[in-house]
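Worksheet for the structure shown next.
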Amino acid sequence: MGMAPSLSRRAVLMAGVGLVVTACSKSKPSRSTAAGAPTSLPPTPSCDDHPTVAQTAGPYFKPNSPEKADLAAGVSGGTRLVVAGRVMSTSCQPVGRALLDVWQAGPDGQYDNTGNRLRGHMFADASGRYRFETVVPGLYPGRTRHIHVKVQAPDGPILTTQLYFPGEERNATDEIFDDKLLMAVTGASDGKNGTFDFVVRS
Ligand code: FE
């Protein structure tokens, strides 16, 4: 007799779990058929209560970068790279308008320490999605290939970290390298695409 309320509450709870799983789904750009139906199930959720691993900013960070999502403007040579993903909170919610501040070496392995070549900040959209265009950074002594980034939820603490490239020989010897910070990198018609989802405290 008392089963019906209990079952319905369980059904509601299960629906809630479904919502959380949906919110935590690692987002690659969703591909849809012409009818709008997804062509595949979302990948395994990647979000948990652990924020993205923090790393040193290193010696080349400069504050007050310009707002721009095309960091490659004015850079000659190198391989075009588009980096995209989402910023999520430790409670698996998208962090709309998260700030990302990016700096990296150029194809020559040099940082621009007087200007803003390959330095810029941008904001995620309302769904926490971010995207910036750049070039594959060159190598410099002592480090594997990497991109520096600071990520901050609105009014949240700053996460300073670095992104890495799979398949790099120096990943095995760089003492700062962490495989939890590897981007998924695929080839594109005009270069490469890298994806990474950040988890930040908000
Ligand atoms: Fe660096």
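We count ligands from 1, going down the list as the structure has it; atoms in each ligand are counted the same way. Atom set for the values below is all heavy atoms of this structure, side chains included, hydrogens, waters and symmetry mates excluded.
Taking 2.8 Å as the threshold, Gln162 does not count as a candidate ligand of the Fe ion (ligand 1), since none of its N, O or S atoms lies below it.
Here the side chains of Tyr140 and His146 are in contact, with some heavy-atom distance below 4.5 Å. Here the side chains of Phe196 and Val149 are not in contact, with every heavy-atom distance at 4.5 Å or above.
As for His148, its N/O/S atom nearest the Fe ion (ligand 1) is the one called NE2.
The number of heavy-atom neighbours closer than 6.0 Å to CG of Asn64, taken from other residues, nucleotides and ligands shown, is 12 or below.
Draw a line from the Fe ion (ligand 1) to OH of Tyr111 and another to OH of Tyr140, and the angle between them is 110° (to 10°).
A salt bridge links Arg80 with Asp70; the closest basic N to acidic carboxylate O contact falls under 4.0 Å.
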